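What you see is a predicted model, and the numbers here were worked out from it, not measured in a lab. The first residue in the sequence is number 1, and the count goes up from there.
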Amino acid sequence: MRLDKFLCDSIGLTRSQAGKVIRASQVQVDGQTVKDAGFQIGGEHQVRYAGQSLRLLGPRYFMLNKPAGYICANEDADHPCIFQLFDEPAQSRLHSAGRLDLDTTGLVLVSDDGQWSHRVTSPRHACAKTYRVWLAEPVAATAVAQFAEGVQLHGERSLTRPAELALVSPTEALLTIHEGKYHQVKRMFAAIGNKVVRLHREQIGPLQLDPLLEPGAYRPLSAEEIAAF
């Protein structure tokens, strides 16, 4: 691997930025300054930049307890983004595997492995997502059966996939869906004449939000959690 590409892949520099720091004698390989961006780096080499040893970043996987007021994007002109909550190298390569609305809280999966994220989000895999929902009005007695059959959303040609609704109290419920239509949970309850006032995602597939994670905190996924998808 070229030295400039190694810098790009390990600390997230652009190719031109990597070339500049190499030409400025800021990079050492095995203790020797190297000014050739095309110098070939192998697994046996020790590379240092700005006084720090560098290593290639492997695929990374995190869970985040998203607080309200953040959007699931890398940058936005109007709202803070979830990646402002992260402190990771080459952060611009990270993305969220599925999104939550600005005011929705809870579990977000973050990675730089696009194939893994696709398995989480692809409709073909029908990855279940469970939400805790607080509502403006008591849930109608017929809602459990309606959701199990599928709900007709405004502007959609077909019903939603069958969903599991479990009532916690008259105005609180757990809802598990198996697809990810735009604002789906809010639209499902709107379709039966109710309004979601608060929404929190508790689970994606087999993975539950870590109860030890405070809002705004994140942690790496374990090997078992990664493999679950």
Test side-chain contact (heavy atoms from CB on, under 4.5 Å) applied to Pro89 - qualifying residues, sequence neighbours left out: Leu57, Arg60
- prompt: Taking only residues two or more places apart in sequence, or in another chain, which ones meet Ser16 in a side-chain contact (heavy atoms from CB on, under 4.5 Å)?
  reply: Thr14
message: Taking the ring centre of each residue, are Phe147 and Phe189 less than 6.0 Å apart?
response: yes
Output the distance between atom [atom1] ([X]) and atom [atom2] ([Y]), rounded to the nearest 0.5 Å.
X	Y	atom1	atom2	value
Gln208	Met63	CD	CE	9.0 Å
Ile192	Leu135	CD1	CG	7.5 Å
Leu109	Leu209	CG	CG	9.5 Å
Lys35	Ser25	NZ	OG	3.5 Å

Main-chain N/O of [Y] paired to [X] side chain as donor or acceptor, under 3.5 Å:
X	Y	result
Asn194	Glu137	yes
His95	Ser111	yes
Asn65	Leu213	yes
Arg161	His178	yes

Does [X] reach the side chain of [Y], with side-chain heavy atoms less than 4.5 Å apart?
X	Y	answer
Asp36	Leu3	no
Phe39	Ile22	no
Thr104	Arg99	no
Thr105	Pro215	no
Ile177	Thr160	no
Val139	Val133	no
Ile82	Tyr218	no
Asp103	Lys186	yes

- prompt: Are Met188 and Leu165 close enough, and set up right, to give a side-chain contact (heavy atoms from CB on, under 4.5 Å), and what steps lead you there?
  reply: CA-CA 11 Å; Met188 288 178 75; Leu165 180 66; over 6 Å; no
message: Just checking Arg219: does its CZ atom have more than 12 heavy atoms from other residues, nucleotides or ligands closer to it than 6.0 angstrom?
response: yes
- request: Test side-chain contact (heavy atoms from CB on, under 4.5 Å) on Phe83 and Glu75 and set out the steps.
  value: CA-CA 8 Å; Phe83 294 101; Glu75 58 182 34; over 6 Å; no
- request: Anything under 30° is parallel, anything over 60° is perpendicular, the rest tilted; go ahead and classify Trp116 against Tyr61.
  value: perpendicular
- request: Give the C-alpha distance, both sets of side-chain angles, the deciding distance and a yes or no for side-chain contact (heavy atoms from CB on, under 4.5 Å) between Val27 and Leu54.
  value: CA-CA 10 Å; Val27 181; Leu54 304 184; over 6 Å; no
field: Check: Gln184/Tyr131 side-chain N/O donor and acceptor closer than 3.5 Å
entry: no
- request: Scan side-chain atoms only and decide if His45 and Gln40 contain a donor-acceptor pair under the 3.5 Å cut-off.
  value: no
message: Applying salt bridge (charged side-chain N to carboxylate O under 4.0 Å, His left out) as the test, list every pair that has at least one member in residues 188-206; sequence neighbours left out.
response: Arg132-Glu202
message: Considering only residues two or more places apart or on different chains, which pairs with a residue in residues 13-32 satisfy salt bridge (charged side-chain N to carboxylate O under 4.0 Å, His left out)?
response: Asp4-Arg15
message: Among residues at least two apart in sequence or on other chains, which ones pass ring-ring contact (aromatic ring centres under 6.0 Å, His included) with His125?
response: none
statement: Across all chains, not counting sequence neighbours, the side-chain hydrogen bond (donor to acceptor under 3.5 Å, both in side chains) partners of Lys181 are none
message: One pair to check against side-chain contact (heavy atoms from CB on, under 4.5 Å): Ile204 and Cys127. What are the steps and the verdict?
response: CA-CA 7 Å; Ile204 300 174; Cys127 186; 3.8 Å; yes
Closest contact, heavy atoms only, Gly69 versus Pro80: O-CG, 3.2 Å
message: Please identify which of these residues, Val108, Ile71, Asp101, Leu85, meets the side-chain contact (heavy atoms from CB on, under 4.5 Å) condition with Lys66.
response: Val108
